[in-house]
A.B. asks: 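Just passing along the structure, written as structure tokens.
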Protein chains: 2
Amino acid sequence: MEVSEIPVRTLAEIEAQVEAEKQSKEAREYDPSRFYHPAVTVDLVIFTLSERDLQVLLIHRDHWPFKGRWALPGGFVQEKEALSQAAHRQLQEETGVSEVFLEQLHTFGHPHRDPRMRVVTVAYYALVPADKLPPSTEGVRWWSIYQLPELAFDHDRILDLALNRLRRKIMDTNVAFQFMPEKFTLTQLQRTYEIVLGRVLDKRNFRKKVLGSGGVKETDELHLQGRHRPARLYQFDLDARDF
Amino acid sequence: MEVSEIPVRTLAEIEAQVEAEKQSKEAREYDPSRFYHPAVTVDLVIFTLSERDLQVLLIHRDHWPFKGRWALPGGFVQEKEALSQAAHRQLQEETGVSEVFLEQLHTFGHPHRDPRMRVVTVAYYALVPADKLPPSTEGVRWWSIYQLPELAFDHDRILDLALNRLRRKIMDTNVAFQFMPEKFTLTQLQRTYEIVLGRVLDKRNFRKKVLGSGGVKETDELHLQGRHRPARLYQFDLDARDF
DNA sequence: TCAATAGTGTCTTTGAGACACTATCCG
DNA sequence: CGGATAGTGTCTCAAAGACACTATTGA
């Protein structure tokens, strides 16, 4: 993490100071309904990797509006819930997973993005390893990013931004490990990069970079599969810095 | 701009489809008040450069809450206003400037960040050239980022994030030109980088990089100032890609 | 032995960073 | 002329990219 030169209080310190302010007599006189309040939701771009595709979870809309189209999972932010908590809750509800990579993407608030009312949505994106996944059901499906159905609202724009962010991030950081099982071969890791980036990489250069970065450590296990030379299994090295 | 592989509709297309959905009979039956709606504001981190400091605009709080502290300018998002419009409006109100760099930073929505009520704030940061600036007044002041007063709410965290984002961005893009007047010397440009980054740069390496990037073009004018060799003036080359 | 995948090294190019002197103007 | 800032080139190092062959296994 980058070192800051701004003196920053912790969330707990801020909360304590806010709490102190609430004791003021002005607090009881304040009218919170003086201003217009739009609805606030979180929307999630949940990515996973299949054997050959980067996939995203979409939900079939059975009702108005945009009935018949597919939408990103999302929902209202509840009264006492942080934005990231709301995102984690949605992720848990839709996929059953928790403790995966989840990061705020961008906030979309165009006044006419939802026909029901003004909705400001805070978009997050999540990366889920394929082995933690629930299967597709009728109304909740994994779609290849290259074969998308018609999307509801402005969800095409949200997804597009998420994809570009993921591609930049996988080049700059070790975020690719979020897609991997605990142990993996370097060829599997290379496939992950290739699927996310949508282009092939040179095997020798890839291995040079990954091994040179210190981000992985080898195990003493081999991956036996098929009639060919077995591959060594590697693990993510938690101590290592991003590369 | 990066080329996307997701088919993305324009905002106008989305708006037209949303408008079509509003004609549905369900639209009239929908109750928008079923869910909790927090307040939504925009907060602005407005940076400028003085001769020796990176500065940020803060507003003195004369009332509860956090009376006596300083806060980022900000305000409620109005009913028919996009988030970026709200940010531009705030910027215009506080500084009188428009058509400057303004970009969404992050959205802060911790439930206890404001003692009045639940406020979700979409933070933006703006870069304003010093020659477009209004002077400080009693309640609206430019502060060096190295000499900050006590800030209200979680504005220290917002400012910290904005500073880190700006520093990364100035290394990756030509955003530094947002701080410059139309014509400038390379020494002035280097000072801009140094002030933002908080460290000194090598003159020869800096000029090599800037001139090699194609991001600037020289003019035939010289900058006469004081009893020393005059410097050549350069302009930002709008045709050039980011560097 | 062959089909299939694992694994390995060198050369070139590019960009970043360290480093010190000459040029030009004004008073 | 001296004070002040403008302007200039080389070397080293690291990282990225192009490129092709050998190793090991199971059938």
Side-chain angles (χ1 to χ4, degrees), chain A residues 51-52 167-174 176 180-181 183-235 240-243, chain B residues 51-52 167-174 176 180-181 183-235 240-243:
Chain A
E51 285 187 17
R52 43 181 58 220
R167 284 183 174 162
R168 190 160 334 125
K169 190 132 184 150
I170 204 176
M171 295 301 290
D172 294 345
T173 73
N174 55 14
M180 306 306 293
K183 293 175 185 174
F184 49 85
T185 70
L186 293 185
T187 300
Q188 289 167 346
L189 184 61
Q190 184 176 342
R191 280 297 287 153
T192 295
Y193 276 79
E194 290 175 337
I195 291 169
V196 170
L197 294 172
R199 61 190 165 89
V200 296
L201 302 175
D202 179 83
K203 186 187 208 177
R204 281 166 293 185
N205 293 336
F206 180 80
R207 293 162 102 93
K208 195 179 2 169
K209 179 173 164 168
V210 169
L211 294 174
S213 74
V216 297
K217 55 186 177 196
E218 64 175 44
T219 70
D220 53 4
E221 293 173 64
L222 296 178
H223 184 66
L224 282 277
Q225 173 155 305
R227 54 195 233 186
H228 55 77
R229 178 173 175 175
R232 182 162 300 279
L233 287 168
Y234 288 80
Q235 272 185 316
R241 72 193 186 307
D242 279 356
F243 60 89
Chain B
E51 285 186 19
R52 43 181 58 220
R167 285 182 173 161
R168 189 161 334 126
K169 189 131 183 153
I170 205 175
M171 295 302 289
D172 293 346
T173 73
N174 54 15
M180 306 306 292
K183 294 174 185 174
F184 48 84
T185 70
L186 293 186
T187 299
Q188 288 168 347
L189 184 62
Q190 184 178 341
R191 278 299 286 154
T192 294
Y193 276 78
E194 289 176 339
I195 290 169
V196 170
L197 295 172
R199 60 189 166 94
V200 296
L201 303 175
D202 179 84
K203 187 186 207 176
R204 281 165 295 187
N205 293 335
F206 180 79
R207 294 162 100 94
K208 198 181 1 173
K209 179 174 165 168
V210 169
L211 294 173
S213 73
V216 298
K217 55 187 176 194
E218 64 175 42
T219 69
D220 52 6
E221 292 172 67
L222 296 178
H223 183 67
L224 280 279
Q225 174 155 305
R227 54 194 232 186
H228 56 76
R229 178 171 174 177
R232 182 162 300 280
L233 286 169
Y234 288 80
Q235 274 185 315
R241 72 195 186 303
D242 279 356
F243 59 89

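What you are looking at is a predicted structure, and each value in this text was computed from that prediction instead of being measured. Chain identifiers are assigned alphabetically (A, B, ...) following the order of the sequence lines, protein sequences preceding nucleic acid strands; residue numbering begins at 1 within each chain.
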A.B. asks: For A:Q188 and A:F184, which heavy atoms make the closest approach, and how far apart are they?
C.D. replies: OE1-CA, 3.3 Å

A.B. asks: Using a heavy-atom distance cut-off of less than 4.0 Å, which residues of residues 198-207 of chain B contact DNA chain C?
C.D. replies: B:D202, B:R204, B:N205

A.B. asks: Mind checking side chain to side chain contact (heavy atoms under 4.5 Å, CB included) for A:Q235 and listing every partner two or more places apart, or none if nothing turns up?
C.D. replies: A:E182, A:K183, A:K217, A:T219

A.B. asks: Which residues pass the side chain to side chain contact (heavy atoms under 4.5 Å, CB included) test with A:R229, not counting sequence neighbours?
C.D. replies: none

A.B. asks: Once you round to the nearest 0.5 Å, how far does CD of A:E194 lie from CZ of A:R199?
C.D. replies: 9.5 Å

A.B. asks: Of A:L189, A:L211, A:V200, which is the lone residue that meets side chain to side chain contact (heavy atoms under 4.5 Å, CB included) with A:F206?
C.D. replies: A:L189

A.B. asks: Taking salt bridge (Lys or Arg N to Asp or Glu O under 4.0 Å) as the test, write out the residues that go with A:K203, two or more places apart.
C.D. replies: none

A.B. asks: With sugar-phosphate meaning primed atoms plus P, OP1 and OP2, does B:L186 contact a base, only sugar-phosphate, or nothing at under 4.0 Å between heavy atoms?
C.D. replies: nothing

A.B. asks: For A:L201 and A:Q190, which heavy atoms make the closest approach, and how far apart are they?
C.D. replies: O-NE2, 2.9 Å

A.B. asks: Rounded to the nearest angstrom, tell me the gap between atom CZ in A:R232 and atom C1' in D:dT25.
C.D. replies: 15 Å

A.B. asks: Determine the minimum heavy-atom distance between B:L233 and B:L222, stating which atoms define it.
C.D. replies: CD1-O, 3.9 Å

A.B. asks: How close or far is atom P of D:dC11 from atom NZ of B:K208, stated in whole angstroms?
C.D. replies: 12 Å

A.B. asks: Mind checking which nucleotides bracket the chain A contacts on DNA chain C, 5' to 3', with an atom under 4.0 Å from a heavy atom?
C.D. replies: C:dA3 to C:dT10

A.B. asks: Locate the shortest heavy-atom distance separating A:A231 from A:T185; write the atom from each residue and the value.
C.D. replies: CB-CG2, 3.6 Å

A.B. asks: At under 4.0 Å between heavy atoms, what does B:T187 touch on the DNA or RNA strands: base, sugar-phosphate, or nothing?
C.D. replies: sugar-phosphate

A.B. asks: How sharply is the helix from C:dT1-D:dA27 to C:dG27-D:dC1 bent, taking the axes over five pairs at either end and rounding to 10 degrees?
C.D. replies: 10°

A.B. asks: What heavy-atom pair brings B:Q225 and B:H228 nearest, and what distance separates the two atoms?
C.D. replies: O-NE2, 2.6 Å

A.B. asks: Starting at NE2 of B:H223 and ending at P of D:dA4, how long is that distance when rounded to a whole Å?
C.D. replies: 17 Å

A.B. asks: Heavy atoms only: give me the nearest B:Y193-B:I170 pair and the separation to one decimal.
C.D. replies: CE2-O, 3.4 Å

A.B. asks: What is the distance from NE2 of B:H228 to P of D:dT5, rounded to the nearest Å?
C.D. replies: 6 Å

